[in-house]
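This report concerns only the one structure given below.
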Amino acid sequence: MKELIVNLQGKLDSLLGNTFREKTDPLLRTEPHKILLDARDLQVWDESGLLSLKNSSLTHLSSQYAACGLSESLMGDWNRLGLREKIPYFKTREEAKYYLVSDQNLDRNFEPNESTTACPACLQILRVQGKGNYRCPSCDHTFYLTADYRTASYEKLF
């Protein structure tokens with residue numbers, strides 16, 4: 001199954017929602033994907049834009065979706081429109097990616113294992129939740145943490 005990260009930015013309305021569908025529907029028809037919707041930079045949204053995301057997840061049932069970076073008000077609309085049942089959301093991008101790549105996606109209430117590691121640039125001790133990409137809050141260095149807790153100074157898509 002292929003992976004796709006969609007960074008939602010600016011305004012999610014019916015126009016952007018339809019553009020999302022036009023770009024992703026041909027991909028999802030040919031092969032199922034694991035899709036991460038990152039809403040950290042989403043400023044404004046409306047019901048029709050959110051429903052486009054929901055309809056995409058309902059149309060392509062073999063694909064798996066997850067979201068991250070939702071603001072408090074967006075979480076309220078997300079729940080009100082019933083998106084959480086089809087597109088669960090997580091606090092961080094790493095949690096959402098972990099959900100998509102692990103077998104935990106059958107359990108909506110899983111908790112990733114938390115541990116610590118040192119930033120390879122400044123040696124600041126950081127809390128981490130398994131393998132994945134991390135950004136140090138002290139020096140803004142981005143690094144990848146492997147499954148055996150070794151660090152690499154690059155970011156990995158999935």
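Start at 1 with the first residue, then count along the sequence.
Residue pairs meeting the salt bridge (charged side-chain N to carboxylate O under 4.0 Å, His left out) criterion with at least one partner in residues 45-59, sequence neighbours excluded, are Glu47-Arg80.
Counting all heavy atoms, side chain and backbone alike, Phe90 lies closest to Ala66 at CE1-CB, 4.0 Å. A pairwise comparison of heavy atoms in Thr151 and Pro120 identifies OG1-CB, 3.8 Å as the closest pair. Shown here for Ala39 and Leu74, the closest heavy-atom pair between the two residues is CB-CD2, 4.0 Å.
Looking at heavy atoms from C-beta onward, Cys119 lies out of side-chain contact with Ser138 at the 4.5 angstrom threshold. Using a 4.5 Å heavy-atom cutoff, the side chains of Ile35 and Ile87 are not in contact. Two residues are said to be in side-chain contact when any heavy atoms from C-beta on lie closer than 4.5 Å; Ser52 and Thr19 fail this criterion. Looking at Cys68 and Thr92, their side chains never come closer than 4.5 Å, going by heavy atoms from C-beta outward.
To the nearest 0.5 Å, the span separating CG on Leu37 from CZ on Arg93 amounts to 10.5 Å. To the nearest 0.5 Å, atom CE of residue Met75 and atom CZ of residue Arg84 are 9.0 Å apart.
Taking hydrophobic clusters as Ile, Leu, Val, Met, Phe, Trp and Tyr residues chained together by side-chain heavy-atom distances below 4.5 Å, Leu126 shares a cluster with Leu145. Note on Leu4: it clusters hydrophobically with Leu83, by side-chain heavy-atom contacts below 4.5 Å among ILVMFWY residues.
A search for side chain to side chain contact (heavy atoms under 4.5 Å, CB included) contacts involving Leu61 returns Lys86, not counting sequence neighbours. Arg21 pairs by the side chain to side chain donor-acceptor pair (under 3.5 Å) definition with Asp25, Thr59, not counting sequence neighbours. Residues meeting the side chain to side chain donor-acceptor pair (under 3.5 Å) test with Tyr134, sequence neighbours left out: none. Checked against side chain to side chain donor-acceptor pair (under 3.5 Å), Trp45 has the following partners two or more places apart in sequence or in another chain: Asp77. Qualifying side chain to side chain contact (heavy atoms under 4.5 Å, CB included) partners for Pro32, counting only residues two or more places apart in sequence or in other chains: Met1, Ser62, Ser63. Applying the side chain to side chain contact (heavy atoms under 4.5 Å, CB included) test to Glu22 and every residue at least two apart in sequence or in another chain returns nothing. For the side chain to side chain donor-acceptor pair (under 3.5 Å) test, residues two or more places apart in sequence or in another chain that qualify with Ser56 are Tyr65. Remark: Lys2 pairs with Glu31, His33 by the side chain to side chain contact (heavy atoms under 4.5 Å, CB included) rule, at least two apart or across chains.
Side-chain atoms of Arg135 do not come within 3.5 Å of backbone N or O of Thr142 as any donor-acceptor pair.
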- Message: What verdict does the side chain to side chain contact (heavy atoms under 4.5 Å, CB included) test give for Lys97 and Asn133, after you've listed the backbone C-alpha separation in whole Å, the side-chain angles of each residue and the deciding distance to 0.1 Å?
- Response: CA-CA 9 Å; Lys97 285 173 26 178; Asn133 297 319; 2.7 Å; yes
Show me the donor-acceptor pairs within less than 3.5 Å that the side chains of residues 5-18 make with the rest of the protein, sequence neighbours left out.
{"from": "Asp13", "atom 1": "OD1", "to": "Leu15", "atom 2": "N", "distance (Å)": "3.3"}
{"from": "Asp13", "atom 1": "OD1", "to": "Leu16", "atom 2": "N", "distance (Å)": "3.0"}
{"from": "Asn18", "atom 1": "ND2", "to": "Ser14", "atom 2": "O", "distance (Å)": "3.1"}

